[in-house]
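Notes for the one structure printed next.
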Amino acid sequence: MKILKQRVTFKSISGMVLLLLVFSVIISVIGIRGFTDALLNQYSDNAFHTARVAAAVVDGDRIDEYWESGGETETYRAVWDSLSRLCNSSSATFVYVIEPDLTDYAHIRFLFSTINRNSHYTVYDFGYLRETTNDEYRQKYRALYEGTSTQELVIRNRGYIETDAHITAMIPLKNSGGKVVGIICVQQQLDTLMQARNTYLRRVVIAFISLALLVIAGQSLYLHHALLRPLKLISEEATRFSEENLTTGRKLQEIVRSQDEIGQLAASIDHMEEQIQRNVENLTRVTAEKERIGAELSLATRIQYAMMPQTFPAFPGRSELDIYAIMDPAKEVGGDFYDFFLVDNDHLGLVMADVSGKGVPAALFMMASKIILQSCAMLGQYPAEILTNVNQAICSNNKEEMFVTAWVGILELSTGRLTAANAGHEYPVLMPPGGDFALYKDKHGLVIGAMNDAKYREYELQLEPGTKLFLYTDGVPEATDADNRLFGKERMLTALNTARDKAPQEILRTLRAAVDGFVQDAEQFDDLTMLCLEYRGPKEAGR
Amino acid sequence: MLNIQKTLENGKALFALEGRLDTTTAPELEKELRDSIDGVSALTLDFTDLEYISSAGLRVLLAVQKIMNKQGEMKVSHVNETIMEIFEVTGFSDILSIE
């Protein structure tokens, strides 16, 4: 702000001072020209008048007598006295009569020479001979003698502060025959003119300096009040606002109180502050809302997890099976789910399902599907019947056109008989004892929720002790890496087979590591859900 | 990424899809379809350049199929092997008319 103030003030003031200076110079030149011309006219009129009076005193017919007098005769003295009186009574400093040499006018001889007693000059003696001062005089003497002019004026005032600036008025002295016999010269000092000029210049300079000082003071004061003070206020307010982000009760416009551009700037800043504050308030509210939603989502996630069996080993008392499952949602809550539960002492219900879509809508739909599925199973229904009933229940109120793919199985633990039905879900993967994991291409029905009258068929499998069953959702084979390549079922089966002799938990961990290694840093688009069951055979008597 | 080429003529509509029909692109197709199929009696979805369809994409097909059941017919053409397998696994091959 300090620097700005200095710069703005300096620029604005220096411009005005320069203008003032130019103006002063112009005024001086015009003024000096004007009164120099006027005064010179006045002076020359006076000088010529004196010269003409002198011409009446000196008798041109007696010029030779004067010359011959040697400056001593009565006649000569009388004329000299008259000229001297004339000189002293007029404003002239020097009244003299000369005769130049007529060959080249290079020398002049003084016939009469009188001075004003107030001047510092001394008279030239009678007959004093000296060189003509310069060419200008010489030409003018010649002009007078040759009759080409009747009066001549020499002005010597070059250099405006010259102290002995003067004019010399010259007229010819003629005899009665009209012949030029000498030149009468009257010298008039220009000291009054010079003094007046110097005084004038001094006054202009003083006026310029005073005006300049006045301009500097006035402009600084004006700038300070009209520009810099409001700018400082605005700048301080902007700084304050950027730190506090709160408008004060008092508007900047009221503090600055100006209608000009500065006032408009203040109004704009007021407006900007209000907008920013409004936005900040909005943002705060939205953020709070977002945090609330986030908190509720994480609660929903916990509830969703709690809906799925997660305690492993799941059935510590049952030697017939080992089971492990994981669910890893892509967003906070997912649409995949697995479920397993004992329908009765000898029947294990198994569910793997995937709701279309992601996030909260999918999760809500998943909850409903899961509860209906389990309820039907707990009623002792078999997979095809369960799916048919669930489909009808879901279709009766499915305005969002969502659907669920589901694989449902009921395993009879005492015999290893698996009854299953598939509603549009991925093929299950089976590993017979001592064999490899392979897709089991079962019969497929339509996804749940698509058509009210969809029919489902079930199939039976006999699991030998040592058989492993792997269930999953499409998030596993469709896991995508950064180059948009799919993990695929081949890689899935390969990963499963590398751990085929391990327990279900280890098998799932191996597969999960393989998926992570493939996907690397790419974003997980779909839920990853998998379940592995190992059927170990019926409970032996006595165990 | 999903590119949708739309041709409408005399109550017949052809939608040629290119790219992936998944969670991110499905809403876009759904909007396009819902905006244009009013009064359309024959809708064809050309899957020549469609690489992949996810469950969100299937949902759109199902919704459109239900609308078209009421006002005409809908066909899905040039389905590649990957997508055909998805249709079979999900049972969609039973409800869609695939050419």
Side-chain angles (χ1 to χ4, degrees), chain A residues 330-331 334-336 353-359 361-362 365 387 391 395 398-407 421-428 439 441-457 473-475 477-478 480 484-486 488-489 523-527, chain B residues 1-3 17-34 37 43 45 49-71 73-74 76 79-98:
Chain A
K331 291 189 179 172
D336 282 11
D354 180 4
V355 176
S356 65
K358 305 271 170 334
F365 209 76
L387 288 176
N391 182 52
C395 280
N398 184 16
K399 294 205 175 65
E400 293 300 313
E401 316 276 2
M402 294 183 85
F403 57 80
V404 194
T405 69
W407 182 95
N422 192 337
H425 198 79
E426 301 281 345
Y427 295 115
L439 291 179
K441 303 223 170 181
D442 57 358
K443 297 176 192 127
H444 268 70
L446 185 60
V447 295
I448 294 170
M451 296 287 165
N452 193 34
D453 52 359
K455 297 275 183 291
Y456 300 96
R457 285 174 292 173
T473 58
D474 57 5
E478 290 173 13
T480 310
N484 255 336
R485 283 181 307 182
L486 298 180
K489 294 197 173 79
E523 194 191 348
Q524 183 193 339
F525 281 111
D526 205 351
D527 303 345
Chain B
M1 275 309 295
L2 180 72
N3 283 324
L17 309 182
E18 183 198 335
R20 292 168 63 85
L21 184 53
D22 54 24
T23 320
T24 21
T25 59
E28 192 184 327
L29 176 67
E30 181 167 9
K31 189 181 177 301
E32 286 282 338
L33 282 167
R34 282 189 191 275
I37 59 169
L43 173 68
L45 298 175
D49 295 314
L50 192 69
E51 296 161 13
Y52 170 75
I53 187 164
S54 79
S55 57
L58 292 176
R59 191 182 140 252
V60 175
L61 291 189
L62 178 62
V64 177
Q65 178 69 61
K66 282 185 177 175
I67 295 171
M68 291 311 294
N69 281 347
K70 291 172 198 155
Q71 64 185 51
E73 53 170 358
M74 170 173 143
V76 181
V79 179
N80 73 22
E81 225 172 289
T82 317
I83 295 175
M84 196 61 212
E85 193 192 321
I86 294 172
F87 282 162
E88 273 163 11
V89 164
T90 53
F92 268 67
S93 47
D94 298 342
I95 58 162
L96 295 174
S97 120
I98 300 167

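Keep in mind that the numbers below use all heavy atoms, side chains included, and drop hydrogens, waters and symmetry copies. Nothing here was measured: the structure is a model prediction, and the numbers come from that model. Here is how names work: the chains are called A, B, and so on, in the same order as the sequence lines, proteins then strands, and each is numbered from 1.
For B/Phe87, no part lies near chain A; criterion is any non-hydrogen pair under 4.5 Å. For B/Glu85, the part lying near chain A is the side chain, with the backbone staying farther off; criterion is any non-hydrogen pair under 4.5 Å.
Shown here is B/Lys66, whose NZ atom has more than 12 heavy atoms of other residues, nucleotides or ligands within 6.0 Å.
Here the NE2 atom belonging to A/His444 is positioned 12.5 Å from the CZ atom belonging to B/Phe92, to the nearest 0.5 angstrom. Annotation: the span from A/Thr480 atom OG1 to B/Arg20 atom CZ amounts to 5.0 Å, rounded to 0.5 Å. Taking CD of A/Glu478 as the reference point, atom OG1 of B/Thr82 lies at 10.0 Å (rounded to 0.5 Å). One finds the CG atom of A/Leu486 at 6.5 Å from the OH atom of B/Tyr52 (value rounded to the nearest 0.5 Å). In this structure, the separation between CZ on A/Phe403 and CG on B/Leu62 is 6.5 Å, given to the nearest 0.5 Å.
In this structure, the side chains of A/His425 and B/Thr90 stay at 4.5 Å or more apart for every pair of heavy atoms.
Between chain A and the residues B/Asp94, B/Ile86, B/Ile95, the most heavy-atom pairs under 4.5 angstrom are made by B/Ile95.
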